[in-house]
Amino acid sequence: MKSLAKVFAAFLLAVTIAFSGFSGNAHAQSPVGANVDIAIDVNKTIEQILGLITSTQKFQMVVINKTGTTLTRAGAYNKLGNWVLSDVPPSTAQYRDWTESGAGYFTFAANYAVGNTGKYFQFGASWPPIGRRKINLCARNEGGNKPAEACWDAMRNANANDKSETNGQFSAKAQMGNSGNSERVQWIYEVR
């Protein structure tokens with residue numbers, strides 16, 4: 001009987017550990033693993049780079065850095081959910097898959113500095129409960145959260161069409177995509 005009690009206690013402990021990572025937040029993101037960085041050839045097209053990336057969840061965020069310097073996350077505006085990516089090293093594509101739990105929608109933006117050049121790009125993404133999915137791209141040269149919030153606010157008039165911006169010697173592109181099938185939606189940003 002004592003051994004049966006030990007087995008049951010071990011089973012309960014294992015179940016408790018297995019389920020301890022679940023969040024009670026209705027809008028918590030359930031990412032699969034950490035952000036993934038892959039080395040890229042800067043001469044490859046966005047489509048060729050996307051061919052190197054796998055997708056297993058409903059949503060995927062991709063930032064492609066074709067510059068010779070790190071894209072440093074300098075701020076964010078997290079209206080609903082949290083921007084999922086961090087600093088993106090040079091000649092790298094960083095991506096993350098996730099599925100929204102709870103209501104299943106998000107809307108946020110991030111501000112990225114292009115190294116120490118004084119140039120910035122802001123990326124906005126939204127999967128609303130009603131209406132259409134959106135993407136936005138802005139180029140305000142200041143750090144902090146305010147430029148991300150302004151880009152998010154401008155997304156009200158945005159849509160899922162491709163966007164492009166030039167900021168000094170750098171250019172950026174934002175586009176919506178689908179990985180494999182229409183069930184997986186990608187927000188793709190490229191800085192060169």
Side-chain angles (χ1 to χ4, degrees), residues 29-78 81-99 106 108-127 133-141 143 147-148 151-152 155 158-192:
Q29 295 161 358
S30 303
V32 176
N35 295 344
V36 178
D37 290 330
I38 59 169
I40 60 167
D41 177 345
V42 297
N43 297 312
K44 298 288 184 184
T45 66
I46 290 175
E47 291 74 23
Q48 290 170 321
I49 292 169
L50 292 177
L52 303 171
I53 296 173
T54 60
S55 180
T56 60
Q57 299 296 306
K58 184 171 182 176
F59 304 117
Q60 185 175 70
M61 185 76 58
V62 181
V63 174
I64 300 169
N65 182 0
K66 291 185 175 180
T67 73
T69 186
T70 298
L71 294 178
T72 304
R73 187 169 149 182
Y77 181 70
N78 297 312
N82 293 307
W83 184 263
V84 295
L85 296 178
S86 56
D87 296 354
V88 184
S91 302
T92 300
Q94 184 178 105
Y95 71 95
R96 187 167 200 170
D97 289 320
W98 81 97
T99 297
F106 58 88
F108 43 54
N111 186 17
Y112 281 87
V114 184
N116 293 321
T117 64
K119 304 299 182 191
Y120 293 79
F121 288 101
Q122 297 80 41
F123 310 138
S126 182
W127 184 265
R133 63 190 186 181
K134 295 182 179 183
I135 191 168
N136 208 14
L137 173 64
C138 305
R140 289 182 57 182
N141 289 326
C151 191
W152 176 87
M155 193 164 47
N159 51 38
N161 295 337
D162 293 356
K163 298 179 177 40
S164 61
E165 288 280 348
T166 300
N167 194 350
Q169 71 271 34
F170 302 103
S171 62
K173 183 175 183 178
Q175 69 183 51
M176 298 289 298
N178 293 85
S179 175
N181 62 45
S182 61
E183 296 296 317
R184 295 186 184 117
V185 182
Q186 295 171 303
W187 285 259
I188 305 154
Y189 306 90
E190 176 193 59
V191 180
R192 58 172 56 238

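As a basis for the values below, the full set of heavy atoms in this structure was taken, side chains included, without hydrogen atoms, waters or symmetry mates.
- Side chains of Lys44 and Leu52 form no contact here, defined as non-hydrogen atoms less than 4.5 Å apart.
- Across every non-hydrogen atom of Tyr120 and Ala74, the tightest pair is CE2-CB, 3.9 Å.
- Across all non-hydrogen atoms, the minimal contact from Gln94 to Asp87 is NE2-O, 2.8 Å.
- The shortest side-chain heavy-atom distance between Val88 and Thr70 does not fall under the 4.5 Å cut-off.
- Between Ser91 and Asn65 the shortest side-chain heavy-atom distance does not fall below 4.5 Å.
- In this structure, OG1 in Thr92 is found 9.5 Å from CG in Leu71, a value given to the nearest 0.5 Å.
- Residues Lys58 and Val185 fail the side-chain proximity criterion, which asks for heavy atoms closer than 4.5 Å.
- Residues passing the ring pair (Phe, Tyr, Trp, His ring centres under 6.0 Å) test with Trp187 are Phe59, Phe106, sequence neighbours excluded.
- Note that CD1 of Ile46 and NZ of Lys173 are 4.5 Å apart. Values are rounded to the nearest 0.5 Å.
- Under the 3.5 Å distance criterion, the side-chain polar atoms of Tyr112 are left unmatched by any main-chain donor or acceptor of Gly75.
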**Request:** Just do the side chain to side chain contact (heavy atoms under 4.5 Å, CB included) check on Trp98 and Met61 with the steps written out, would you?
**Result:** CA-CA 9 Å; Trp98 81 97; Met61 185 76 58; 3.7 Å; yes
**Message:** One pair to check against side chain to side chain contact (heavy atoms under 4.5 Å, CB included): Gln60 and Ile53. What are the steps and the verdict?
**Reply:** CA-CA 10 Å; Gln60 185 175 70; Ile53 296 173; 3.4 Å; yes
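- Here the shortest heavy-atom pairing between Ala109 and Ala148 reads CB-O, 3.3 Å.
- Ala139 and Gln122 get closest at one heavy-atom pair: N-OE1, 3.3 Å.
- With sequence neighbours left out, the side-chain contact (heavy atoms from CB on, under 4.5 Å) criterion links Asn136 to Cys138, Cys151, Ala154, Met155, Ala158, Lys163.
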**Request:** Decide side chain to side chain contact (heavy atoms under 4.5 Å, CB included) for Asn116 and Thr69; before the verdict, give the C-alpha distance in whole Å, the side-chain angles of both, and the deciding distance to 0.1 Å.
**Result:** CA-CA 8 Å; Asn116 293 321; Thr69 186; over 6 Å; no
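- Side-chain contact between Leu137 and Phe121 is present, with at least one heavy-atom pair separated by less than 4.5 Å.
- By the 4.5 Å heavy-atom criterion applied to side chains, Phe123 and Val63 are counted as neighbours.
- With rounding to the nearest 0.5 Å, the separation of NZ in Lys119 from OG1 in Thr166 is 11.0 Å.
- Scored by the ring pair (Phe, Tyr, Trp, His ring centres under 6.0 Å) test, Phe170 finds no partners at all (sequence neighbours excluded).
- Here the side chain of Arg73 pairs a donor or acceptor atom with the backbone of Leu85 at under 3.5 angstrom.
- Within the 4.5 Å cutoff, the side chain of Ile49 has heavy atoms near those of the Lys66 side chain.
- A pairwise comparison of heavy atoms in Gly124 and Tyr189 identifies O-OH, 2.6 Å as the closest pair.
- Considering CZ of Arg140 and CD of Glu165, their distance stands at 12.0 Å, rounded to 0.5 Å.
- Counting all heavy atoms, side chain and backbone alike, Ile135 lies closest to Asn161 at CG2-O, 3.7 Å.
- For the atom pair CG of Asp162 and CD of Gln175, the computed distance is 5.0 Å after rounding to the nearest 0.5 Å.
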